[in-house]
Amino acid sequence: MNAGFINAQEIYDFTKSADLSDWNIVDDVVMGGRSEGSMRRTDKGNAVFEGKVSLENNGGFSSVRYRPDAISASAYLYFLIRLKGDGKNYQFRVRSALNEFQSYVFEFETNGAWQVIKIPFAEMYPSYRGRKLDMPNYPGQQIMECSFLISNKKDETFSLELNRIWLEK
């Protein structure tokens, strides 16, 4: 953590780890779809989640997931993510327990430039298989999984460059 991140907790700094094996691709092929995502490292040390989303065979999403050791989030209010997108919409998703079926979702737009996306816990809604659930929003107690997902209901290629993810008060 550098001096510019007082009152923050790092979740993942892509530039500090040469190993992306903690991040796993989960595409719609688990349900018969044909989308293909991958994760690679750039020359500058960032990670790029990229691929192609296909609607063929009832498909339509690609995601990459990270399961850290449990991270306490109770002292924080926001996720922050430094990233560079391709002008497309993505979702950042978290799960507070692996035995729960819901993920808490925040949808964001990218603009082709480096951005810091600030995600209030209170705005992360519960979802399961693309459906919004009638439950409270993210309680902000614990993080057991975080992921990025693209599912814009169209055939498209995508590229999302990731620099770091952290928590802030």
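- I165 places none of its side-chain heavy atoms less than 4.5 Å from the side chain of L80.
- The distance from atom CG of L149 to atom CD of E107, rounded to the nearest 0.5 Å, is 9.5 Å.
- For the ring pair (Phe, Tyr, Trp, His ring centres under 6.0 Å) criterion with F49, the lone passing option out of Y90, Y66, F158 is F158.
- Between W166 and Y76, the ring centre distance reaches or exceeds 6.0 Å.
- Hydrophobic clustering of Ile, Leu, Val, Met, Phe, Trp and Tyr side chains at less than 4.5 Å, counting indirect connections, unites V64 with I71.
- In plain terms, the two heavy atoms of L55 and D155 that are nearest each other are N-OD1, 2.6 Å.
- Residue L160 is grouped with residue I25 when hydrophobic side chains (ILVMFWY) are merged at heavy-atom distances under 4.5 angstrom, including chains of intermediate members.
- Shown here is N58, whose CG atom has no more than 12 heavy atoms of other residues, nucleotides or ligands within 6.0 Å.
- Residues C146 and V94 approach most closely at CB-CG1, 4.0 Å, considering heavy atoms.
- Taking CZ of R41 as the start and CG of N46 as the end, the distance is 8.0 Å to the nearest 0.5 Å.
- Looking at D27, its side chain never comes within 3.5 Å of a backbone N or O of S62 through a donor-acceptor pair.
- Residues T110 and Q115 approach most closely at CA-OE1, 3.2 Å, considering heavy atoms.
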Take E156 and I150 through the side chain to side chain contact (heavy atoms under 4.5 Å, CB included) test and state the conclusion after the steps. CA-CA 10 Å; E156 62 185 345; I150 184 166; 3.6 Å; yes
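- Heavy-atom neighbours of E36 CD from other residues, nucleotides or ligands within 6.0 Å: at or below the threshold of 12.
- Side-chain contact, S35 with D28: a donor N or O sits under 3.5 Å from an acceptor N or O.
- Between the side chains of N152 and N89, no donor N or O sits under 3.5 Å from an acceptor N or O.
- Considering only heavy atoms from C-beta on, F106 comes within 4.5 Å of E123 through its side chain.
- Under 4.0 Å is where a charged nitrogen must lie from a carboxylate oxygen, and between R95 and E100 no such pair does.
- Hydrophobic cluster membership differs between M144 and F79, with clusters built from Ile, Leu, Val, Met, Phe, Trp and Tyr side chains linked at under 4.5 angstrom.
- Residues E161 and L83 have side chains not in contact (no heavy-atom distance under 4.5 Å, counting atoms from C-beta outward).
- Here the straight-line distance linking atom CD of E109 with atom CD1 of I117 works out to 9.0 Å at 0.5 Å rounding.
- Checked against Y12 for a side chain to side chain contact (heavy atoms under 4.5 Å, CB included), the options D22, L162, I81 give a single hit: D22.
- Contact record, Y78 with P120: CD2-CA, 3.6 Å, taken as the closest heavy-atom pair.
- Here the shortest heavy-atom pairing between R34 and V29 reads CA-CG1, 4.3 Å.
- Within the 4.5 Å cutoff, the side chain of S127 has no heavy atoms near those of the Y104 side chain.
- Chaining together hydrophobic side chains whose heavy atoms lie under 4.5 Å apart places Y125 alongside V105.
- Under the 30°/60° scheme for interplanar angles, the aromatic rings of W23 and F14 are found to be tilted.
- With salt bridges taken as basic N to acidic carboxylate O contacts below 4.0 Å, none links E145 and R93.
- The existence of a salt bridge linking E50 and R40 is confirmed by a sub-4.0 Å separation between a basic side-chain nitrogen and an acidic carboxylate oxygen.
- No continuous path of hydrophobic side-chain contacts links F92 to W114 [ILVMFWY only; heavy atoms under 4.5 Å].
- For the residue pair M39 and A47, the shortest heavy atom distance occurs at CE-CB, 3.9 Å.
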Evaluate side chain to side chain contact (heavy atoms under 4.5 Å, CB included) for L167 paired with L77, printing each intermediate quantity in order. CA-CA 7 Å; L167 297 168; L77 298 172; over 6 Å; no
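- Interatomic distance, N163 CG to K84 NZ, rounded to the nearest 0.5 Å: 11.5 Å.
- Summarising the local packing, CZ of R129 is surrounded by 12 or fewer heavy atoms from other residues, nucleotides or ligands at distances under 6.0 Å.
- A donor-acceptor pair is defined here as one N or O able to donate and one able to accept, closer than 3.5 Å; no such pair exists between the side chain of N57 and the backbone of G59.
- No hydrogens or angles considered: nothing links the side chains of S159 and D86 as a donor-acceptor pair under 3.5 Å.
- Here R164 contributes atom CZ and R82 contributes atom CZ; the two are 9.5 Å apart, rounded to the nearest 0.5 Å.
- Aromatic ring centroids of Y138 and F121 lie under 6.0 Å apart.
- Proximity of a side-chain donor or acceptor of S72 to a complementary backbone N or O of Q142 within less than 3.5 Å is not detected.
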